[in-house]
Chemist: 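Okay, handing you the structure first.
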Amino acid sequence: MKLAMAWLAGLLFGLGLSLGGMTQPAVVLGFLDLFGAWNPRLLFVMGGAVLTTAIGYRWVLRRNKPLLEATFKLPTARQIDRRLVTGAALFGIGWGLAGYCPGPALASIGGGVASMLLLVATMALGWWLAAKWPAQARSTDTK
């Protein structure tokens, strides 16, 4: 049941990204082109996502536990440290260069375009490197 719900959620997410035009790098890059042919479409997609999340989280977190899990697994970190800032900067730079953030990139991988496969492979490498970041570096960031 959990796998079916995860598949359905992923399908809906990918469909939403496709309908919003987020699987087209030109839309994202057009949003970042403030002094050229600016395209506000991404702003509306982000606004819809923020609104949906704000309402959905309040509604879901009223429950004692999720429908298909024993407990909620929410982030506990509250500090802005070097690790977070570095990751956010790399995310933004990658998004601006490629025109894809991870969701649309994964939703577009079915197209089999070599550059998309390379992008997803480098994202996976980044996730792996972040997981391997030495624990010692993490503890000094929080001091």
Side-chain angles (χ1 to χ4, degrees), residues 1-138 141-142:
M1 183 65 163
K2 285 195 308 188
L3 186 60
M5 294 309 290
W7 180 82
L8 182 61
L11 182 66
L12 287 173
F13 183 66
L15 184 63
L17 291 172
S18 294
L19 290 175
M22 297 301 104
T23 56
Q24 302 169 22
V27 173
V28 174
L29 296 175
F31 176 76
L32 297 174
D33 189 9
L34 296 176
F35 302 108
W38 186 65
N39 181 351
R41 196 171 181 177
L42 178 59
L43 188 64
F44 292 109
V45 171
M46 285 180 162
V50 168
L51 183 63
T52 302
T53 300
I55 294 170
Y57 262 57
R58 288 182 180 271
W59 181 67
V60 167
L61 293 177
R62 288 182 181 168
R63 302 180 57 85
N64 291 332
K65 66 179 190 74
L67 290 175
L68 302 175
E69 285 288 337
T71 61
F72 286 107
K73 296 173 183 160
L74 300 172
T76 57
R78 298 281 185 240
Q79 294 179 327
I80 297 174
D81 57 15
R82 183 177 51 168
R83 183 179 161 86
L84 176 65
V85 172
T86 301
L90 288 173
F91 178 90
I93 290 168
W95 193 7
L97 289 174
Y100 285 101
C101 68
L106 292 173
S108 300
I109 199 168
V113 177
S115 61
M116 181 55 55
L117 297 174
L118 179 62
L119 175 66
V120 171
T122 54
M123 281 189 328
L125 176 64
W127 293 328
W128 182 79
L129 287 172
K132 296 295 179 188
W133 187 304
Q136 184 180 17
R138 290 182 199 166
D141 285 346
T142 58

Chemist: Would a 4.5 Å heavy-atom cut-off, applied to side chains only, mark Phe31 and Leu43 as touching?
Modeler: yes

Chemist: Within a reach of under 6.0 Å around CZ of Phe72, are more than 12 heavy atoms found that belong to other residues, nucleotides or ligands?
Modeler: yes

Chemist: How many angstroms lie between atom OG1 of Thr23 and atom CG of Leu15, to the nearest 0.5 angstrom?
Modeler: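 It is 10.0 Å, given to the nearest 0.5 Å.
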
Chemist: If you round to the nearest 0.5 Å, how far is OH of Tyr57 from CG of Leu74?
Modeler: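 Rounded to the nearest 0.5 Å, the CG-OH separation comes to 6.5 Å.
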
Chemist: What's the shortest heavy-atom distance between Arg62 and Arg58, and which atoms?
Modeler: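 In terms of heavy atoms, the two residues are closest at CG-O, 3.2 Å.
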
Chemist: For atom CZ of Phe91, is the number of surrounding heavy atoms from other residues, nucleotides or ligands below 6.0 Å larger than 12?
Modeler: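 Counting other residues, nucleotides and ligands, CZ of Phe91 exceeds 12 neighbours.
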
Chemist: More than 12 heavy atoms of other residues, nucleotides or ligands under 6.0 Å from NZ of Lys65: is that the case?
Modeler: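 Enclosed: over 12 neighbouring heavy atoms sit under 6.0 Å from NZ of Lys65.
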
Chemist: Within this structure, what is the CZ-CE distance for the pair Arg41 and Met22, rounded to the nearest 0.5 Å?
Modeler: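 Answer rounded to 0.5 Å: 6.0 Å.
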
Chemist: Shortest non-hydrogen contact from Pro66 to Ala70?
Modeler: CD-C, 4.5 Å

Chemist: Starting at OG1 of Thr71, measure out to CG of Asn64 and round the result to the nearest 0.5 Å.
Modeler: 12.0 Å

Chemist: Please give me the minimum heavy-atom distance between Ala98 and Leu119, naming the atom from each residue.
Modeler: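 Taking Ala98 first and Leu119 second, the nearest heavy atoms are CB-CD1, 4.0 Å.
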
Chemist: Rounded to the nearest 0.5 Å, what's the gap from CG on Leu17 to CG on Leu12? Could you check?
Modeler: 11.0 Å

Chemist: Could you state the interatomic distance from CG (Leu29) to CH2 (Trp95), rounded to the nearest 0.5 Å?
Modeler: 10.5 Å

Chemist: Quick check: closest heavy atoms across Ala107 and Gly14, and the distance to 0.1 Å?
Modeler: CB-CA, 4.2 Å

Chemist: Test side chain to side chain contact (heavy atoms under 4.5 Å, CB included) on Val27 and Val45; report intermediate values, then the result.
Modeler: CA-CA 11 Å; Val27 173; Val45 171; over 6 Å; no

Chemist: Kindly give the heavy-atom pair with the smallest separation between Tyr100 and Ser108, and that separation in Å.
Modeler: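 Result for this residue pair: CE2-OG, 3.5 Å.
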
Chemist: I need the minimum non-hydrogen distance between Thr52 and Gly48, along with the two atoms involved.
Modeler: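 Closest approach of Thr52 to Gly48, heavy atoms only: OG1-O, 2.7 Å.
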
